[in-house]
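What follows is a short report on a single structure.
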Amino acid sequence: MTTETKVWKVSAEAPSREALLEAAALLRNGRTVAFPTETVYGLGADARNTEAVADIFAAKGRPSDNPLIVHIADRSQLEELVAPPEEAVLRLLDAFWPGPLTVVLPVKPGALSPLVTAGLSTVGLRMPGHPVALALIAASGCPVAAPSANRSGRPSPTSASHVLGDLAGRIAGIVDGGEAGVGLESTVVEFAGDALYILRPGGVTASQLREELPGIPVIEPQAEHREPDAPRAPGMKYAHYAPRGTMVLVQGASDELVHACMQRELDEARARGERTGVLTYAEHADRFRADHVVPCGRLDALETVAHGLYAALREFDEAGVGFIAAEACPEEGLGAAIMNRLRKAAGGRILTV
């Protein structure tokens, strides 16, 4: 599958209408186009067009049992796609849309390509909080299925250059609107049995959800690395967000124990002849001996860690690192989403000291 990939560079503040109309026409005509959101770059296609959606899976090399999130530009589109949401869900939409929240709702028969839902009776919907994404989706006139715009298993893209590196020649176009903001994918939730279940942690935290739904239980996912047989949302199955090298995630009761364990792992890898890397934080960057140390934001500002995580993982690939020791972070607030991605990137290789 090869094609010429056109790139439109646009301003997030005042995107070119001509560029967006051209990209929207491609979506409307069954082609695939990558575009920025406030989380990461997405790879979009008309969610009603099975052939177009199949091209997403082909370009990414994505397993067909992994459902896709559908992006809309206006809440009025809900009526044509899903059953009427519960009152609690509507409160969440009022609070967090547009923004990094995906809600899983019962899909209307025939409203979307069956490839989007991966055989489920539900679909994840969100309205992205990015002016370029909203303008593109509105101009296309269709609901847009859009997973992250990377090869399956790779770290998600937070810039157009990441998309080009993974998908050039495999997709029709890329709308380059600069770097993504949050840096981690959306939070995915489903309301069932009078409780809200977080299927994938992301840019909206559990505490924020609880603030909007007082008296309603908000159930967080289990921390251990396990893959469900039938994922109800993207990000629940398969080791992904991963660099090419082997990565081990180290967590423990104290920084001293964690750092000592990481250094032992690094020394052993170096003795095996591997090029070594450390994924850590600005506060700890001078504590390790390795070929490549990447401080990924600050522990006292986890939003900076979220913003830089995927770019940091890709940096190890560019440096040819074969073994990476990664430092865990606290799981409060945005840390839950960061640790979710780190566990996935490590493919379950986790050391607790």
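Side chains included, hydrogens not; waters and symmetry mates left out as well; all remaining heavy atoms used.
Distance check, rounded to the nearest 0.5 Å: CG of L92 to CD of E212 gives 7.0 Å. Distance CG/L105 to OG1/T122: 8.5 Å, rounded to 0.5 Å. Here OG1 of T39 is found 8.5 Å from CG of L184. Values are rounded to the nearest 0.5 Å. For the atom pair CG (L136) and CG (L27), the distance works out to 5.5 Å, reported to the nearest 0.5 Å. Rounded to the nearest 0.5 angstrom, E274 CD and T246 OG1 are separated by 6.5 Å. L249 contributes atom CG, which lies 9.0 Å from atom CG of L279 (distance to the nearest 0.5 angstrom).
Side-chain heavy atoms closer than 4.5 Å link hydrophobic residues (I, L, V, M, F, W, Y) into clusters, and following such links, even through other members, never connects Y281 to L257. Follow the hydrophobic side-chain contacts under 4.5 Å out from M262 and you never reach V305; the two are in separate clusters. Two different hydrophobic clusters hold L43 and V10 under the rule that ILVMFWY side chains link at heavy-atom gaps under 4.5 Å. Two different hydrophobic clusters hold L164 and L26 under the rule that ILVMFWY side chains link at heavy-atom gaps under 4.5 Å. The cluster map of Ile, Leu, Val, Met, Phe, Trp and Tyr, joined by side-chain heavy atoms under 4.5 Å apart, puts V218 and V189 in the same cluster.
Around atom CD of E86, no more than 12 heavy atoms belonging to other residues, nucleotides or ligands sit under 6.0 Å away. Counting non-hydrogen atoms of other residues, nucleotides and ligands closer than 6.0 Å to CD of E268 gives a total above 12. Counting non-hydrogen atoms of neighbouring residues, nucleotides and ligands closer than 6.0 angstrom, the CG atom of D94 exceeds 12 such neighbours. For R91, the CZ atom sits in a packed shell: over 12 heavy atoms of surrounding residues, nucleotides or ligands are nearer than 6.0 Å.
Here the side chain of Q263 pairs no donor or acceptor atom with the backbone of A260 at under 3.5 angstrom. For the pair N49 (side chain) and A52 (backbone), a donor-acceptor distance under 3.5 Å is present. Listed for the N29 side chain is a donor-acceptor partner under 3.5 Å among the backbone atoms of A25. Although no hydrogens or angles enter the test, the distance criterion places a donor-acceptor pair under 3.5 Å between the side chain of R170 and the main chain of A59. At distances below 3.5 Å, at least one donor-acceptor pair connects side-chain atoms of Q208 with backbone N or O atoms of T205.
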Pairs under 3.5 angstrom only: tabulate donor-acceptor contacts from the side chains of residues 346-353 to other protein residues two or more places apart or in another chain.
residue : atom : partner : partner atom : Å
R349    : NE   : M247    : O            : 3.0
R349    : NE   : A346    : O            : 3.2
R349    : NH2  : A346    : O            : 3.2
T352    : OG1  : Q251    : NE2          : 3.0

Which pairs of donor and acceptor atoms, one on a side chain in residues 172-179, lie under 3.5 Å apart (sequence neighbours left out)?
residue : atom : partner : partner atom : Å
D176    : OD1  : G178    : N            : 3.1
D176    : OD2  : K9      : NZ           : 3.3
E179    : OE1  : H307    : NE2          : 3.3

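Look at R289 and D267 and you find a salt bridge, because one of the NZ, NE, NH1 or NH2 atoms lies within 4.0 Å of a carboxylate O, short of that distance. With respect to E265 and R272, no salt bridge is recorded, no charged nitrogen being found less than 4.0 Å from a carboxylate O. At a threshold of 4.0 Å, the pair E318-R314 does not count as salt-bridged, since none of the basic side-chain nitrogens sits closer than that to a carboxylate oxygen. Between E38 and R126 there is a salt bridge, since a side-chain N of the basic residue sits under 4.0 Å from a carboxylate O of the acidic one. Using a 4.0 Å cut-off between a side-chain N of Lys or Arg and a carboxylate O of Asp or Glu, R210 and E220 qualify as a salt bridge. Between R244 and D317 there is a salt bridge, since a side-chain N of the basic residue sits under 4.0 Å from a carboxylate O of the acidic one.
The heavy-atom pair separating G308 from C296 by the smallest distance is C-SG, 3.6 Å. Across all their heavy atoms, A133 and P36 have their closest contact at CB-O, 3.3 Å. Among all heavy-atom pairs drawn from H259 and F288, the shortest one is CD2-CZ, 3.4 Å. Residues V40 and P157 approach most closely at CB-O, 3.3 Å, considering heavy atoms. The shortest non-hydrogen separation linking P330 to L299 is CD-CD2, 3.9 Å. Closest approach of T32 and A45 over heavy atoms only: CG2-CB, 4.1 Å.
Screening residues 107-118 for side chain to side chain donor-acceptor pair (under 3.5 Å) gives T50-S113 as the qualifying pairs, with residues at least two apart or on separate chains. Screening residues 309-335 for ring pair (Phe, Tyr, Trp, His ring centres under 6.0 Å), with sequence neighbours left out, gives Y241-Y310. Within the structure, the salt bridge (Lys or Arg N to Asp or Glu O under 4.0 Å) test picks out the following pairs touching residues 290-310 (sequence neighbours left out): R270-D291, E283-R298, R298-D300.
Taking 4.5 Å as the limit, some side-chain heavy atom of L209 sits within range of a side-chain heavy atom of L196. The shortest distance between side-chain heavy atoms of L167 and R151 falls below 4.5 Å. At a threshold of 4.5 Å between non-hydrogen side-chain atoms, the residues F57 and L68 count as touching. Using a 4.5 Å heavy-atom cutoff, the side chains of T280 and V294 are not in contact. Residues L90 and R75 form a side-chain contact, since some pair of their non-hydrogen atoms from C-beta on lies under 4.5 Å apart. Contact of the I171 side chain with the V163 side chain is registered, since non-hydrogen atoms from C-beta on lie closer than 4.5 Å. Looking only at side-chain heavy atoms (C-beta outward), V188 and I69 come within less than 4.5 Å of each other. Contact of the V258 side chain with the E327 side chain is registered, since non-hydrogen atoms from C-beta on lie closer than 4.5 Å.
Put simply, the residue from I198, T187, V182 that forms a side chain to side chain contact (heavy atoms under 4.5 Å, CB included) with V204 is T187. Each of K344, R341, R200 was checked for a salt bridge (Lys or Arg N to Asp or Glu O under 4.0 Å) with E185, and the lone residue meeting it is R341. Across R62, H162, K60, a single residue satisfies side chain to side chain contact (heavy atoms under 4.5 Å, CB included) together with N150, and that is K60.
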Which is it for I338 and N340 under the side-chain contact (heavy atoms from CB on, under 4.5 Å) test, yes or no, and what are the steps along the way? CA-CA 5 Å; I338 294 166; N340 171 272; over 6 Å; no
Any chance you could lay out the side-chain contact (heavy atoms from CB on, under 4.5 Å) test for T276 and V321, step after step, and finish with the verdict? CA-CA 6 Å; T276 58; V321 171; 5.6 Å; no
Show, in sequence, the C-alpha distance, side-chain angles and deciding distance for L313 and I324, and conclude whether the side-chain contact (heavy atoms from CB on, under 4.5 Å) test is met. CA-CA 9 Å; L313 293 175; I324 304 155; 5.6 Å; no
Please step through side-chain contact (heavy atoms from CB on, under 4.5 Å) for the pair Y41 and D166, ending with a clear verdict. CA-CA 12 Å; Y41 271 70; D166 277 7; over 6 Å; no
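Among residues two or more places apart in sequence or in another chain, the salt bridge (charged side-chain N to carboxylate O under 4.0 Å, His left out) test is passed with E22 by K6.
For the residue pair E13 / S11, a side-chain donor-acceptor distance below 3.5 Å is found, with atom types taken as modelled.
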